[in-house]
Participant: 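After the structure tokens below, expect a handful of questions from me.
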Amino acid sequence: MRVRPKIVPASEPEVAAMQAFFASRSFQTALSTHTYSNLWLYPYGYDAFLPANDGDYQEVTALAIAVNGYLAGPSATTLYLANGVTTDHEHETHGTLSWTPEIGGDADGFWPPSSRIVPLA
């Protein structure tokens, strides 16, 4: 039988650097931009429940997707369960309204060609 390794939050240097960066500022909003799926995601990713200020998220989200028509909602129910996402951390730790736009469709893939950058933006 394998023993589950101990999980140490922010043990990776990149994660520790991002936590320090956020802690040194007072961001009101944040985007963790990814490719692809044409989604506009917000907390929570680790479980299927809504943030207490879901109305704020829905209001700003409606403005953000008004033109692009992205599917939007909490990460856990709109895409899949995901632990350790920055949107959850920023929301819980700093009160930041935080989203993950997943930009581009199947044809764009994870590395869209340079000719697709402006249309996607």
Side-chain angles (χ1 to χ4, degrees):
M1 175 183 272
R2 292 179 13 174
V3 175
R4 182 178 177 181
K6 181 178 180 184
I7 297 172
V8 180
S11 61
E12 300 304 310
E14 299 86 353
V15 176
M18 286 301 295
Q19 283 190 342
F21 179 75
F22 264 93
S24 69
R25 290 158 175 81
S26 295
F27 293 112
Q28 299 299 305
T29 60
L31 297 178
S32 177
T33 307
H34 294 226
T35 57
Y36 65 93
S37 294
N38 291 334
L39 300 171
W40 190 266
L41 307 171
Y42 58 85
Y44 289 97
Y46 70 92
D47 203 350
F49 57 88
L50 299 172
N53 60 341
D54 186 60
D56 295 335
Y57 275 103
Q58 288 188 30
E59 181 179 352
V60 177
T61 294
L63 295 170
I65 66 168
V67 174
N68 62 29
Y70 283 14
L71 179 63
S75 300
T77 56
T78 306
L79 187 56
Y80 48 71
L81 291 174
N83 290 324
V85 296
T86 56
T87 53
D88 290 359
H89 176 75
E90 293 158 3
H91 172 83
E92 281 296 314
T93 306
H94 304 287
T96 305
L97 289 173
S98 185
W99 293 269
T100 298
E102 293 274 356
I103 301 171
D106 291 341
D108 297 308
F110 287 106
W111 296 102
S114 57
S115 62
R116 290 286 297 143
I117 294 173
V118 171
L120 290 171

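Side chains are part of it too, since the values below use all heavy atoms of this structure and drop only hydrogens, waters and symmetry mates. All of these numbers come straight from a predicted model, not from anything done at the bench.
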Participant: Tell me who clusters with Trp111, hydrophobic residues only, linked when side chains sit under 4.5 Å apart either directly or through other members.
Facilitator: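 Noted: Trp111 shares its cluster with Tyr36, Phe110.
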Participant: With sequence neighbours left out, what residues match Thr87 under side chain to side chain donor-acceptor pair (under 3.5 Å)?
Facilitator: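 None.
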Participant: Apply the hydrophobic cluster definition, ILVMFWY joined by side-chain contacts under 4.5 Å directly or through others, and give me every member besides Ile117.
Facilitator: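 When side chains under 4.5 Å apart are linked, Ile117 ends up in no cluster with other residues.
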Participant: With sequence neighbours left out, write down each residue that passes ring-ring contact (aromatic ring centres under 6.0 Å, His included) with Tyr80, or none if nothing qualifies.
Facilitator: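 Expected list: none.
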Participant: Please enumerate all residues that pass salt bridge (charged side-chain N to carboxylate O under 4.0 Å, His left out) together with Asp108, with sequence neighbours excluded.
Facilitator: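 Listed in chain order: Arg116.
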Participant: Can you list every pair that meets side-chain hydrogen bond (donor to acceptor under 3.5 Å, both in side chains) and has a residue in residues 57-68, with sequence neighbours left out?
Facilitator: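 Counting only pairs at least two positions apart or across chains, the side-chain hydrogen bond (donor to acceptor under 3.5 Å, both in side chains) contacts touching residues 57-68 are Asp54-Gln58, Tyr57-His91, Thr61-Trp99.
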Participant: Between Pro112 and Thr35, is there a side-chain heavy-atom distance shorter than 4.5 Å?
Facilitator: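 Side-chain contact under 4.5 Å: yes.
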Participant: Rounded to the nearest 0.5 Å, what's the gap from CD on Glu90 to OG1 on Thr100? Could you check?
Facilitator: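 Atom-to-atom, Glu90:CD and Thr100:OG1 are 8.0 Å apart.
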Participant: Tell me every residue that passes side chain to side chain donor-acceptor pair (under 3.5 Å) with His94, counting only those two or more places apart in sequence or in another chain.
Facilitator: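 Counting only residues at least two positions away or on another chain, His94 forms no side chain to side chain donor-acceptor pair (under 3.5 Å).
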Participant: Apart from Phe21 itself, what residues make up its hydrophobic cluster when side-chain heavy atoms of I, L, V, M, F, W and Y under 4.5 Å apart count as a link, directly or indirectly?
Facilitator: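 Its cluster mates, by chain and number, are Met18, Phe22, Phe27.
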Participant: What pairs with Thr93 under side chain to side chain donor-acceptor pair (under 3.5 Å), at least two apart in sequence or on another chain?
Facilitator: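 With neighbours one apart ignored, the set is His89.
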Participant: Please give the remaining members of the hydrophobic cluster of Val15, linking ILVMFWY side chains under 4.5 Å, ordered by chain and number.
Facilitator: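 Grouped by the 4.5 Å side-chain rule, Val15 forms a cluster of one, so the answer is none.
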Participant: Run the side chain to side chain donor-acceptor pair (under 3.5 Å) test against Thr78 and tell me which residues pass, sequence neighbours left out.
Facilitator: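 Listed in chain order: nothing, the list is empty.
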